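Keep in mind the model is a prediction, meaning the values are calculated, not measured. Within every chain, numbering begins at 1; the chains are lettered A, B, ... in the order of the sequence lines, protein sequences first and strands thereafter.
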Amino acid sequence: MKLPYNPSDKNSVIEYAKKLKGKSLRQVCDLNILEHSYSGKGNFGQVLEKFYFGYEPNSIAEADFAQIGMELKSSPLKQLKNSEYRSKERLVLNIINYINVVNQNFENSDFIKKNASILLIFYLHQPDFDILDYLIKLVDEWSFPSTDLEIIKKDWETITKKIADGKAHELSEGDTFYLGACTKGANALSVRKQPFSKIPAKQRAYSFKQGYVNHIIASIANDPSEIYGKLITSVTVAKKQTIEEIVIEKFNPYYGKTIEEILAITGVEINTTAKSFYANLTKAILGIELDKEVEEFEKAEIIVKTVRLKENNLPKEDISFPNFKYEEIVKEEWDESNFKDILEHKFLFVFFQFENDKLVLRKVKFWNMPYSDILEAEKVWVKTKEIVTKGKIVKEVVGGTRYTNFPNKSFNSVSHVRPHALNASDTYNLPTKDKLTKAKEYTKHCFWLNNTYVRDEIYLK
DNA sequence: GCATGATCATGC
DNA sequence: GCATGATCATGC
């Protein structure tokens with residue numbers, strides 16, 4: 001069959017691809033073929049490959065357009081209330097071959113062979129729409145900006161080293177900055193062999209983190225990115241230092257200084273009572289303008305947590321996460337749960353400590369939760385889900401105070417569940433009526449990291 | 001002094 | 001109106 005483009009000419013492929021803009025698959029593909037073969041089901045990318053570009057979907061190691069070394073990737077967008085586009089999810093790339101990758105360098109890796117040049121096709125995902133009716137919004141060829149490539153190379157090496165250390169089963173997205181190792185497979189049983197351990201490891205693929213995809217989208221859409229400040233100003237810097245090293249180097253001169261002293265040295269004026277105070281102080285130290293976001297943190301989806309330690313090193317408060325909805329948690333599985341997703345992020349902890357009633361900067365630390373502790377957090381999540389499912393939240397009511405069966409600090413060393421609401425009547429609906437109180441809704445709760453865990457496993461380590 | 005339940009303050 | 005970071009109140 002003659003193709004409507006020349007597969008050995010990059011411009012021809014890109015030009016043909018760009019005709020997709022503003023169209024849906026139904027508009028550009030042969031409807032008869034579609035209805036016979038797909039009847040609205042299947043995956044957007046597969047339909048696109050087969051019925052628009054005219055080749056059979058494959059899972060070969062080389063790029064889809066082999067002659068020009070270009071890989072085709074389609075991915076969904078979501079639209080914000082202000083009508084801007086954001087990535088709906090991470091962008092999943094090739095599967096990690098644990099056996100082969102340990103014998104490769106980044107430059108000659110399967111990853112680079114497959115993804116050095118990507119033809120990106122972003123479509124607007126709309127709930128309840130047939131995939132054939134999603135509108136294609138953005139089409140362009142994309143390759144790594146040179147500074148990003150240095151970060152991604154280090155990420156690739158981090159992933160490879162963990163496999164070489166026999167720890168493929170302990171891989172986590174939080175291990176890396178832009179390039180993640182995300183799980184890929186029908187279910188938790190999708191495992192494969194790893195070279196230096198007998199433990200089967202979950203099947204994983206390289207992926208760009210959602211935050212990173214958002215920046216790709218902005219660059220393709222030609223959004224002027226005036227809203228970002230960069231830590232890494234050149235390829236030279238990126239080759240020499242990791243994001244981690246750059247951040248620690250910037251914080252280092254302020255260790256042992258009080259907040260007042262830091263403000264005086266940086267000369268930045270920040271409203272000390274504002275909620276955004278610590279976020280702004282962090283930006284001041286990093287040399288980022290206060291009205292801008294730290295580009296590298298957004299791309300890597302780094303969660304910044306400020307902790308105030310008491311003089312005995314114990315954090316003054318536990319660390320909260322977003323509230324969970326009772327009706328949602330009962331439908332989730334741990335592997336796809338919100339809580340696990342959060343815990344697999346990379347964190348930047350900024351530690352202050354009270355010293356004679358003044359707060360002094362102690363240290364900053366990049367951290368992501370070790371595999372063994374994720375398994376502990378899973379127990380807390382499982383128990384929480386069980387309690388909500390059975391409608392056994394309230395244990396007893398004493399006076400006006402309701403005591404719950406939620407996992408507390410003595411249940412688990414990593415995490416516990418506690419209220420996080422405006423007041424007791426700030427509630428979410430329950431999927432099952434509470435057995436004891438007959439209530440149909442309950443005060444909002446969230447998962448917390450225990451302050452003792454933060455002290456022992458993050459601050460002191 | 002800590003654990004647990006409850007609530008506050010701010011900004012979008 | 002709500003999410004989020006922060007803090008308070010009470011009982012042991």
Can you tell if the side chain of A:E355 reaches within under 4.5 Å of the side chain of A:K358, non-hydrogen atoms only?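 The answer is no, as the side chains (C-beta and beyond) never meet within the 4.5 Å cut-off.
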Of all the nucleotides listed ([options]), which has the minimum atom distance to the side chain of [X]?
| X | options | answer |
| --- | --- | --- |
| A:R402 | C:dG5, B:dA6, B:dA9 | B:dA6 |
| A:E317 | C:dC8, B:dT7, C:dG5 | C:dC8 |
| A:Y428 | C:dA6, B:dA6, C:dA3 | C:dA3 |
| A:P322 | B:dA6, C:dT4, B:dT4 | C:dT4 |
| A:K316 | B:dT7, C:dC8, B:dT4 | C:dC8 |

Among residues 304-315 of chain A, which ones have heavy-atom contacts with DNA chain C below 4.0 Å?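 Residues of residues 304-315 of chain A under 4.0 Å from DNA chain C: A:K305, A:T306, A:R308.
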Do the rings of A:F339 and A:F447 sit parallel, tilted or perpendicular, given the 30° and 60° boundaries?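 It falls in the parallel class, under 30°.
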Residue mapping more 5' on DNA chain C - nearest nucleotide basis, A:K325 or A:P419: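 Its nucleotide being nearer the 5' end, the pick is A:K325.
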Taking all non-hydrogen atoms of both residues into account, name the closest pair between A:T443 and A:T427 and its distance.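 Between these two residues, the closest heavy atoms are N-CG2, 3.6 Å.
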In whole Å, what is the span from the [atom1] atom of [X] to the [atom2] atom of [N]?
| X | N | atom1 | atom2 | result |
| --- | --- | --- | --- | --- |
| A:N423 | B:dC8 | CG | C1' | 10 Å |
| A:F447 | B:dG5 | CZ | C1' | 17 Å |
| A:D318 | B:dG5 | CG | P | 12 Å |
| A:F277 | B:dA9 | CZ | C1' | 16 Å |
| A:N280 | B:dT10 | CG | P | 15 Å |
| A:F354 | C:dA6 | CZ | P | 11 Å |
| A:R418 | C:dG5 | CZ | P | 14 Å |
| A:D426 | C:dT4 | CG | P | 13 Å |

Pairwise 5' ranking along DNA chain B for A:S425 and A:T452, keeping only the more 5' one: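 By nearest-heavy-atom nucleotide position, the 5'-most residue is A:T452.
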Side-chain donor-acceptor contact under 3.5 Å, A:E298 with A:H215: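 Yes, A:H215 and A:E298 have a side-chain donor paired with an acceptor closer than 3.5 Å.
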Any side-chain N or O of A:N408 below 4.0 angstrom from OP1/OP2 of B:dA3?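 Looking at the OP1 and OP2 atoms of B:dA3, neither is under 4.0 Å from any side-chain N or O of A:N408.
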Any side-chain N or O of A:K444 below 4.0 angstrom from OP1/OP2 of B:dT7?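 No, A:K444 has no side-chain N/O under 4.0 Å of OP1/OP2 on B:dT7.
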Using a 4.0 Å heavy-atom cut-off across all strands, classify A:T404 as base, sugar-phosphate, or nothing.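 Here A:T404 touches the backbone only, sparing every base.
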Mind checking if A:H416 touches a base, just sugar-phosphate, or nothing, with heavy atoms under 4.0 Å?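 No contact.
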Taking atom types as they are modelled, is there a donor-acceptor pair under 3.5 Å from the base of C:dG5 to the side chain of A:H420?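 Yes, the side chain and the base share a sub-3.5 Å donor-acceptor pair.
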Working for side chain to side chain contact (heavy atoms under 4.5 Å, CB included), residues A:V380 and A:F406: CA-CA 9 Å; A:V380 177; A:F406 282 130; over 6 Å; no
Has A:K435 got more than 12 heavy atoms of other residues, nucleotides or ligands less than 6.0 Å from its NZ?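 Enclosed: over 12 neighbouring heavy atoms sit under 6.0 Å from NZ of A:K435.
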Apply the side chain to side chain contact (heavy atoms under 4.5 Å, CB included) test between A:F208 and each candidate in A:V213, A:N214, A:N115; give the one that qualifies.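 Per the side chain to side chain contact (heavy atoms under 4.5 Å, CB included) rule, the option paired with A:F208 is A:V213, out of A:V213, A:N214, A:N115.
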Just by distance, do the side chain of A:D434 and the backbone of A:V394 share a donor-acceptor pair under 3.5 Å?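 Yes, the answer is positive, given that a donor and an acceptor are paired below the 3.5 Å cut-off.
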